[in-house]
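Everything on this sheet refers to the single structure shown next.
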Amino acid sequence: MLYDIPGPRARRVNLIVSIIFGLGLAALAWWVLSVLASKNQLTGEKWSPFLEAQNWTTYLLPGLWATLEAAALSVVIALPVGASLGIARLSDHGWIRWPAGIVVEFFRSIPVIILMLFAFELWFFAFDAASPFAAVVIGLVLYNGSVLAEVFRAGILAVPNGQTEAAFAIGLRKSQVMTIILLPQAITSMLPAVVSQLVVVVKDTALGGILVGYSELRRAGSISASNYGNLLPTYFVIAVIYIVINLLLGNLSTLVERKLRTRRGGPVVEIEAGAQTDLMAARQEILVLDEPGSASVMPQQERGFDTRP
Amino acid sequence: MDFSFLSDPRYNVIGAFWMTVQLTFWSAIGAFILGVILAAMRVCPVPLMRGFAGGVVNIVRNIPLTLIIIMMSQVIANQLGLKLAVREAGVNPQGYLDTQNFRLAVLGFIIYTSTFVCEAIRSGINTVPPGQAEAARAIGLTFTQVLGIVVLPQAIRAVVAPLGSVLIALTKNTTVASAIGVSEAALLMNTLIENEADKFTAVFIVIAAGFIVLTLPTGLIFGSLAKRASVKR
């Protein structure tokens with residue numbers, strides 16, 4: 001706890017600070033609204049297009065579908081790619097381990113847009129046809145495959161050593177140890193990390209709308225906006241859609257994590273708190289928590305100071 | 001492979017990466033300051049501030065950066081009239097537009113990245129043993145003193161490595177500024193592969209190498225900084 005349970009004086013101070021801060025927020029909100037009103041952004045005709053079915057069926061829903069489609073396909077392909085790279089990085093043979101390591105580090109240190117642009121040209125060169133969809137999916141697979149490789153590696157390393165030793169002791173071969181002992185335990189433990197990586201993928205599909213011209217939600221929305229002349233309301237609605245989707249995914253990740261904590265079994269791999277991002281995923285610190293239910297394990301979302309027991 | 005475009009005066013590779021570095025530098029400073037403020041608000045005793053900071057963080061980091069940057073330019077600047085540069089009459093407006101877009105992009109990156117800085121610092125605050133804050137309170141320090149003199153310095157030292165990851169991600173994220181016409185590395189690559197389509201592999205290698213040159217040392221420097229800064233307990 002950074003502060004004591006407030007006594008009468010602290011409560012008074014808190015109240016005063018709250019009132020000042022609240023008034024500040026209210027003033028800010030009032031100012032924003034008055035700017036919006038003075039620029040004619042709050043008028044009915046700017047917002048009514050969202051009541052028209054046509055706006056949704058022609059622009060927004062196809063855009064949303066394109067976003068989800070690219071994200072889903074990327075994850076489905078990136079998972080096996082990440083698993084193979086992650087396992088390859090743990091190989092006993094240097095000639096497998098090193099190339100895998102270089103591939104993973106290479107694709108993690110390059111911006112996704114650059115990968116998408118390259119994939120776009122590569123596809124065009126190979127098949128003589130432009131495919132923004134393929135460019136987006138390939139770019140996302142290369143990047144997220146590398147990020148997931150690190151998640152897989154951390155997950156496998158988090159399985160207690162005794163498991164491997166016991167498996168060898170009963171005479172299993174290396175490949176058997178990996179496939180029937182380590183992987184099943186690792187997969188359950190890293191499920192939360194994989195689900196939070198979904199948020200990153202969903203957000204990154206929006207990169208496909210700028211240089212390679214994939215008509216995902218943001219791009220579809222900008223076409224709708226130029227049609228109805230309501231840029232601000234359209235981007236507002238799109239932002240809300242993204243926030244809802246990603247909050248749901250984030251909650252799913254926490255839920256899965258909590259489920260896994262309460263059941264007995266392997267440890268839970270956790271990516272650093274801020275990692276629901278292109279971001280940390282870059283070179284994130286993967287924390288490997290030891291035992292479920294031990295003192296160091298607290299629900300990830302609720303680790304604010306005030307909740308510390 | 002043909003790297004002849006490197007000596008072509010039409011393409012300023014060094015200039016584009018310099019722009020990437022500038023974007024990263026100013027955004028990093030701003031994001032760090034705003035991130036610390038948000039983190040302080042998230043742990044402060046006033047419930048309204050805690051809720052506000054938490055809400056901001058959860059909203060901002062769930063919006064794609066692309067959307068934020070494009071909104072900065074098309075909505076905040078063009079529709080609501082935010083001006084971050086001075087437009088002089090009679091001068092070529094390109095200079096004004098360049099400065100304006102650069103500053104809008106930096107502002108967008110600051111807003112987006114500060115939420116991740118906030119989360120990193122908050123997780124650092126959790127690594128500071130409760131005894132530190134208790135002892136600080138016991139000698140009569142106020143909340144701002146406890147946070148500013150005792151807890152935050154230790155918390156930030158504990159999260160040097162994650163902050164390094166945030167910085168690397170920010171470096172890569174600056175490519176999104178190409179969406180509003182800031183002439184950095186991704187926009188250069190776009191121009192290059194439009195004009196020199198047959199050399200796209202060479203172009204990719206050059207741009208990729210540029211980013212590796214930028215991000216690899218950052219990772220190494222922050223790794224060794226983290227070791228030196230870590231609090232011995």
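Values in this document were obtained by computation on a predicted structure and should not be read as measured data.
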In terms of heavy-atom pairs under 4.5 Å with chain A, the winner among B/Ile212, B/Ile70, B/Thr201 is B/Ile70
Greatest number of non-hydrogen atom pairs under 4.5 angstrom with chain A, of B/Pro64, B/Ala186, B/Cys44, B/Gly81, falls to B/Pro64
Can you tell if the side chain of A/Ile114 reaches within under 4.5 Å of the side chain of B/Phe204, non-hydrogen atoms only? yes
[atom1]-[atom2] distance between [X] and [Y], expressed to the nearest 0.5 angstrom:
X: B/Ile63; Y: A/Lys203; atom1: CD1; atom2: NZ; value: 9.0 Å
X: B/Ile207; Y: A/Ile110; atom1: CD1; atom2: CD1; value: 10.5 Å
X: B/Thr66; Y: A/Ile210; atom1: OG1; atom2: CD1; value: 5.0 Å
X: B/Leu80; Y: A/Leu36; atom1: CG; atom2: CG; value: 6.0 Å
X: A/Ile243; Y: B/Arg61; atom1: CD1; atom2: CZ; value: 12.0 Å
X: B/Asn62; Y: A/Leu247; atom1: CG; atom2: CG; value: 4.5 Å

Around atom CZ of A/Phe125, are there more than 12 heavy atoms from other residues, nucleotides or ligands closer than 6.0 Å? no
What heavy-atom pair brings [X] and [Y] nearest, and what distance separates the two atoms?
X: A/Tyr3; Y: B/Val43; answer: CE2-O, 3.3 Å
X: A/Tyr235; Y: B/Gln74; answer: OH-OE1, 3.4 Å
X: A/Ser109; Y: B/Thr215; answer: CB-OG1, 3.5 Å
X: B/Leu67; Y: A/Ile238; answer: CD2-CG2, 3.8 Å
X: B/Leu48; Y: A/Ser18; answer: CD2-O, 3.5 Å
X: B/Gln79; Y: A/Leu232; answer: OE1-N, 3.8 Å

Please work out which of the three classes, parallel, tilted or perpendicular, describes the rings of A/Phe118 and B/Phe200, given edges at 30° and 60°. tilted
Go through it in stages, so that I can follow the logic: the residues are A/Phe21 and B/Val46, the test is side chain to side chain contact (heavy atoms under 4.5 Å, CB included), and I'd like the CA-CA distance, side-chain angles, deciding distance and then a yes or no. CA-CA 9 Å; A/Phe21 188 72; B/Val46 183; 5.8 Å; no
With a 4.5 angstrom heavy-atom cut-off, could you sort out which part of A/Asn40 is near chain B: side chain, backbone, both or neither? neither
At a heavy-atom separation under 4.5 Å, does A/Leu15 approach chain B through its side chain, its backbone, both, or neither? neither
